[in-house]
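Right, one structure below, let's go through it.
Just so it is clear, the model here is predicted, and its values are computed rather than measured. Counting starts at 1 for both ligands and their atoms, in listed order.
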Amino acid sequence: MEKLILEGGKPLFGDVPISGAKNAALPLIAATLLAPGVHVLHNVPDLRDTRTFLRLMEDLGVTHQREGDTVTIDATEVRDIEASYDLVKTMRASVLVLGPLLARRGQAKVSLPGGCAIGARPINFHLAGFEKLGVTCRLEHGYVDAAAPGRLRGACVYFEVPSVTGTENLLMAAALAEGVTTIKNAAREPEVGNLIDMLNSMGANIQGKNTDRLIVTGVTSLAPANCRIIADRIEAGTYLLAIAASGGEGRVTCCQPAHCSSLIDKMRQAGFILECGDDWVAVRQPGGRGLSGQAGGWKAVDVKTMPFPGYPTDLQAQFMALMALSNGMCVITETIFENRFMHVAELQRLGADIRIDGRSAVVSGRGMKALTGARLMATDLRASSSLVIAGLAAQGRSEISRIYHLERGYENLVEKLSALGATVWKERE
Ligand code: EPU
């Protein structure tokens, strides 16, 4: 195992290019199962999770080749229909093969994901949706065994809570179903929109993109795709917050500013100056950097996580790191997952003043110099990135163990941070 070492207390400056979105790449790779032939996906990030997903595809008989950020996937044959426990336990998004396998093969067997570091995360909405489409789902030996007697049938599916991967799974299943499927209270995340664009380019008929009511008119076959993965709005947000918290100034490039608007609003409320171009967002310190070249501090701002276009749960931990360094008190409320405060105890080890009260965290910002480096433990992907932000802003050295969590979702993290002027490297534990 490897750990990350950071020498904190240095402002970050410069441009950082944003990679393709992990949470768009995974459903788009799964969607290639829907059509026989050779698919080409561009801007696919090379991450632990995309590699795991492509390995799962190999298990199903679907081969691939990577050249730079382009991945060519040959889905001519889908030999197997099973996603094993060994894969699903390392990556819950493996459940995304259920929808396309049911559509193409009428059968799928996927290990039921257990709880994870951020909450119970059941898949009951996915299964209830499939059952509406005529699928029978049985749970046996820890596996969901799903089968349909013939072609799936269109139906009306309502999500109690908008589920991102639930919406994606149902879209893929319904694309080849007989008749019309309506998904109500669907997730509106940009990654869902990326999947809709890909499916429509393959010949599917899906209306209602970017709304919570999606109408899928099933077709009998789909053609292979040639599609581009959108930029990772969570990676973009993480770097904006890292630059801001370090007292620096810079830009995230190759991204879609419209996908980051809730974060941009919150950072502006805190006093930062944010400017957007066609494919970049720049951040500057509140009131500039002063005659001494020093940043002057920022305000505390309350945040509540919500489905898109609300503030993303995947940027909650990182915003908390920024708020620990603010001048004031704020409340950060997590409404999506029930256990997404694992980073709090680690931030406290750096000197942050944070108190958890149910689903809220009360953060008393202690100013820009508040934190001091310490040894820390990564618990999940986004919690770890908040520790990186805090570690870069803290005075002195921090060490973050179990960085495989970070490698699941941040491409070339050390290289990108180093290019911004951070002193950071990996070492064997
Ligand atoms: N939920 C259920 N039953 C279901 C599905 C969801 O109760 O069948 C609940 C969840 O427990 C949660 C809420 O509904 O309380 C919303 O969860 P959602 O289904 O939207 O989450 P997800 O699809 O499993 C995706 C991302 C997550 C991100 C969430 C929320 C992917 C592969 N994962 O998960 O990303 O946090 O949406 O935006 O797209 C990450 O990248 O670090 C990450 C965790």
Rounded distance [0.5 Å steps], CG in D59 versus CD1 in I81:
13.0 Å
Single hit among H259, Q256, E191, E189 for side-chain hydrogen bond (donor to acceptor under 3.5 Å, both in side chains) with R233:
E191
For ligand 1, is any non-hydrogen atom under 4.0 Å from V164's backbone (N, CA, C, O), its side chain (CB onward), both, or neither?
both
Going by the atom numbers of ligand 1, which of them fall below 4.0 Å from some non-hydrogen atom of T165?
22 (P), 23 (O), 24 (O), 31 (C), 32 (C), 39 (O)
Between the side chains of R340 and D314, is the shortest nitrogen-to-carboxylate-oxygen separation below 4.0 Å, so that they form an ion pair?
yes
For the pair F272 and W298, name the ring-plane relationship: parallel under 30°, tilted 30 to 60°, perpendicular over 60°.
tilted
Looking only at heavy atoms, is any part of R121 under 4.0 Å from ligand 1, and if so is it the side chain, the backbone, or both, or is it neither?
both
shortest atom 28 (C) of ligand 1-to-protein heavy-atom contact is with D314 OD2, 3.3 Å
Nearest-neighbour protein heavy atom for atom 42 (O) of ligand 1, which is reported as residue plus atom name and distance:
R382 NE, 3.0 Å
If we ignore angles and hydrogens, is there a donor and acceptor under 3.5 Å between the side chains of E411 and S19?
yes
Among F159, F125, F308, which one puts a heavy atom closest to atom 9 (C) of ligand 1?
F125
Salt bridge or not between K109 and E140? Use side-chain N to carboxylate O under 4.0 Å.
no
I want to know if ligand 1 touches T313 in the polar sense, i.e. an N/O pair below 3.5 angstrom.
no
Taking only Lys NZ, Arg NE, NH1 and NH2, and the carboxylate oxygens of Asp or Glu, determine whether E77 and R79 approach each other closer than 4.0 Å.
no
Option set R340, M91, E160, criterion heavy-atom distance to atom 44 (C) of ligand 1, minimum:
R340
Roughly how far, to the nearest 0.5 Å, is the CD1 atom of I354 from the CG atom of L347?
4.5 Å
Using a 4.0 Å heavy-atom cut-off, which part of K22 comes near ligand 1: side chain, backbone, both, or neither?
side chain
Identify, by atom number and element, the atoms of ligand 1 in contact range of H126, meaning under 4.0 Å from any of its heavy atoms.
8 (O)
From CA spacing to verdict: side chain to side chain contact (heavy atoms under 4.5 Å, CB included), Y143, R138:
CA-CA 8 Å; Y143 279 77; R138 280 187 307 137; over 6 Å; no
Nitrogen or oxygen of N124 less than 3.5 angstrom from that of ligand 1:
yes
Pick one of side chain, backbone, both or neither for how F337 approaches ligand 1, counting any non-hydrogen atom pair under 4.0 Å.
side chain
Just checking, is any N or O donor in the side chain of D86 or S84 under 3.5 Å from an acceptor N or O on the other one?
no
Can you tell which of A317, S163, P312 gets a heavy atom nearest to atom 19 (O) of ligand 1?
S163
Closest contact, heavy atoms only, S401 versus K3
CA-CB, 4.1 Å
For atom 11 (O) of ligand 1, which of the options P122, G129, A21 provides the nearest non-hydrogen atom?
P122
Is there a nitrogen or oxygen of E189 sitting under 3.5 Å from a nitrogen or oxygen of ligand 1?
no
In the protein, which heavy atom is nearest to atom 32 (C) of ligand 1, and how far is it?
N23 OD1, 3.4 Å
Would R408 count as a contact residue for ligand 1, given that I'm defining contact as a non-hydrogen atom of the residue lying under 4.0 Å from a ligand atom?
no
Near L381, which atoms of ligand 1 are under 4.0 Å from a heavy atom of that residue?
42 (O)
Looking only at N/O atoms, are I336 and ligand 1 under 3.5 Å apart anywhere?
yes
Around atom 14 (O) of ligand 1, find the nearest protein heavy atom and jot down its residue, atom name and distance.
V161 CG1, 3.9 Å
Just by distance, no angles: are the side chains of T238 and Q318 close enough, under 3.5 Å, to form a donor-acceptor pair?
yes
